[in-house]
Amino acid sequence: MSATSIVKNIVLVHGAFADGTSWSKIIPLLEAEGYNVVAVQNPLTSLADDVAFTKRIIALQDGPVILVGHSWGGAVITQAGDDPKVAGLVYVTAYAPEVGQSANDASAPFGWTEGQKQICVNSDGFATVTSEGMLQDIAEGLPMAERQLSLAVQGQSYGPMFDEKLTIAAWKTKPTWALISTKDRMLPPAMEESAAKRMRAVMTTVETCHMSILQEPAKVAAVIDEAAKKALAK
């Protein structure tokens, strides 16, 4: 395989109730393999805002990009991934809506998860996850110190963004990989698997909590590495 056939730029898009630190274990693994890695710091104020922030980071890269989304980040990369620089998409324990669907639409047929039941929305429409939800339903597969860190950095996410309909489904035209977390208590594992099959994605299954990117970083990094090495050949 020639070096020119490998995508060297990796852009990572975090989920809701999180920030770029959720990729803290993935970034050094990919950098050790020679990749240029950037984690987007999205505002979580709307789908449109997150897509715009993501596209600005894509624009800064000096060549083709593998665009990776975790959780809500999957909805973001579905909409932003039509950017001409994007060579491939990687969905990690993520939403992957169809055109005309919102993230909530994609999830609804699979039932309300224990983690989703722990989302609280204030009078301004901004949502947070309870401490119980973060510690027991999102990051429960991690050591307690890491769970506490996830709770501390969660910030707020604008609730109505989960109902914003997508107008693009980049997975229809881009090579796609998907990692499914079978012990996810935040997003329905059945949704993740169904979406992967619908997208005809290269599928990997792991027995992790929702925070697969922190619980099994080497396995997640391996999927991203495979996408970077094979996207341009598809």
Side-chain angles (χ1 to χ4, degrees), residues 7 9-23 26-27 36-108 119 121 124-128 153-179 186-187 191-192 195-196 198-199 201 210 213 224 227-228 231:
V7 178
N9 299 300
I10 312 292
V11 173
L12 306 172
V13 183
H14 62 81
F17 315 111
D19 67 5
T21 61
S22 60
W23 299 103
I26 304 290
I27 293 168
N36 171 50
V37 188
V38 182
V40 178
Q41 294 281 15
N42 273 333
L44 303 174
T45 47
S46 71
L47 175 64
D49 287 347
D50 285 5
V51 168
F53 269 64
T54 298
K55 286 199 166 192
R56 285 200 284 273
I57 296 299
I58 294 170
L60 293 174
Q61 309 313 305
D62 62 358
V65 169
I66 297 296
L67 189 58
V68 185
H70 174 251
S71 192
W72 161 254
V76 177
I77 71 170
T78 300
Q79 184 78 15
D82 68 328
D83 189 289
K85 279 189 175 180
V86 175
L89 303 167
V90 180
Y91 290 82
V92 182
T93 318
Y95 292 106
E98 177 61 270
V99 171
Q101 276 191 327
S102 66
N104 279 341
D105 291 336
S107 180
I119 297 172
V121 182
D124 294 323
F126 282 91
T128 53
V153 302
Q154 76 156 304
Q156 291 182 310
S157 302
Y158 190 53
M161 74 184 187
F162 294 99
D163 288 318
E164 289 186 59
K165 310 288 188 184
L166 278 72
T167 59
I168 295 165
W171 49 261
K172 291 180 181 287
T173 57
K174 302 290 175 86
T176 301
W177 284 257
L179 183 140
M186 187 63 179
L187 299 188
M191 179 199 73
E192 298 168 27
R198 169 169 43 81
M199 296 188 293
H210 185 64
I213 54 180
I224 298 169

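Since the structure is predicted, the reported quantities are computational estimates derived from the model, not experimental observations. The figures that follow rest on heavy atoms only: side chains count, while hydrogens, waters and symmetry mates do not.
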Colleague: Please step through side chain to side chain contact (heavy atoms under 4.5 Å, CB included) for the pair Ile224 and Ile10, ending with a clear verdict.
Modeller: CA-CA 8 Å; Ile224 298 169; Ile10 312 292; 3.8 Å; yes
Colleague: Ignoring hydrogens, what is the shortest heavy-atom contact between Pro97 and Ala169? Give both atom names and the distance.
Modeller: O-CB, 4.2 Å
Colleague: Side-chain contact test, heavy atoms from C-beta onward, threshold under 4.5 Å: evaluate it for Val86 versus Lys55 and give yes or no.
Modeller: no
Colleague: What are the two closest heavy atoms between Gly125 and Pro160, and how far apart are they?
Modeller: O-CD, 3.5 Å
Colleague: Apply side chain to side chain donor-acceptor pair (under 3.5 Å) to the pair Asp49 and Asn42, showing each step before the final yes or no.
Modeller: CA-CA 8 Å; Asp49 287 347; Asn42 273 333; over 6 Å; no
Colleague: Measuring only between side-chain heavy atoms, which start at C-beta, is Val40 closer than 4.5 Å to Val11?
Modeller: yes
Colleague: For the pair Asp82 and Lys172, evaluate salt bridge (charged side-chain N to carboxylate O under 4.0 Å, His left out) and give the outcome as yes or no after the intermediate values.
Modeller: CA-CA 9 Å; Asp82 68 328; Lys172 291 180 181 287; over 6 Å; no
Colleague: Donor-acceptor pairs under 3.5 Å, side chain of residues 68-76 to any protein atom, not counting sequence neighbours: which ones?
Modeller:
from: His70; atom 1: NE2; to: His210; atom 2: O; distance (Å): 2.9
from: Ser71; atom 1: OG; to: His210; atom 2: NE2; distance (Å): 2.9
from: Trp72; atom 1: NE1; to: Asp50; atom 2: OD2; distance (Å): 2.9

Colleague: Would you name the heavy atoms of Ser22 and His14 that are closest together and state the gap between them?
Modeller: OG-CB, 3.7 Å
Colleague: Looking at every heavy atom in both Ala16 and Met161, which two are closest together, and how far apart are they?
Modeller: CB-CE, 4.1 Å
Colleague: Any side-chain heavy atom of Gln41 sitting closer than 4.5 Å to one from Phe53?
Modeller: no
Colleague: State, without any angle test, whether Ser107 and Asn104 hold a side-chain donor-acceptor pair at a distance under 3.5 Å.
Modeller: no
Colleague: Would you give the length of the straight line joining atom OH of Tyr91 to atom OG1 of Thr78, rounded to the nearest 0.5 angstrom?
Modeller: 2.5 Å
Colleague: Would you compute the distance between atom CG of Leu89 and atom OG1 of Thr173 and round it to the nearest 0.5 angstrom?
Modeller: 8.0 Å
Colleague: Is the backbone N or O of Phe17 less than 3.5 Å from a side-chain atom of Ser157, with the two atoms forming a donor-acceptor pair by type?
Modeller: yes
Colleague: Hey, what do you get for CD1 (Ile66) to CH2 (Trp177), rounding to the nearest 0.5 Å?
Modeller: 6.0 Å
Colleague: Looking at Asn9, is its backbone amide N or carbonyl O close enough to the side chain of Asn36 to form a donor-acceptor pair, meaning the two atoms are under 3.5 Å apart?
Modeller: no
Colleague: Grab the two heavy atoms, one from Ala196 and one from Ala178, that are nearest each other, plus how far apart they are.
Modeller: CB-CB, 3.7 Å
Colleague: The test is side chain to side chain contact (heavy atoms under 4.5 Å, CB included); show your working for Glu98 and Asp105 and say whether it passes.
Modeller: CA-CA 9 Å; Glu98 177 61 270; Asp105 291 336; over 6 Å; no
Colleague: Please check: side-chain N/O of Gln79 versus main-chain N/O of Ile168, any donor-acceptor pairing under 3.5 Å?
Modeller: yes
Colleague: Any side-chain to backbone donor/acceptor pair from Asp124 onto Phe126? Under 3.5 Å, distance only.
Modeller: no
Colleague: Rounded to the nearest 0.5 Å, what separation is found between the OG1 atom of Thr176 and the CE atom of Met199?
Modeller: 6.0 Å
Colleague: Please give me the minimum heavy-atom distance between Ala80 and Thr54, naming the atom from each residue.
Modeller: CB-CG2, 4.2 Å
Colleague: So Asp83 and Val65, do their side chains get closer than 4.5 Å, heavy atoms only?
Modeller: no
Colleague: If you round to the nearest 0.5 Å, how far is CD1 of Ile213 from OG1 of Thr93?
Modeller: 7.5 Å
Colleague: Between Leu67 and Ile58, is there a side-chain heavy-atom distance shorter than 4.5 Å?
Modeller: yes
Colleague: Distance check, rounded to the nearest 0.5 Å: Gln101 atom CD versus Thr167 atom OG1?
Modeller: 13.5 Å
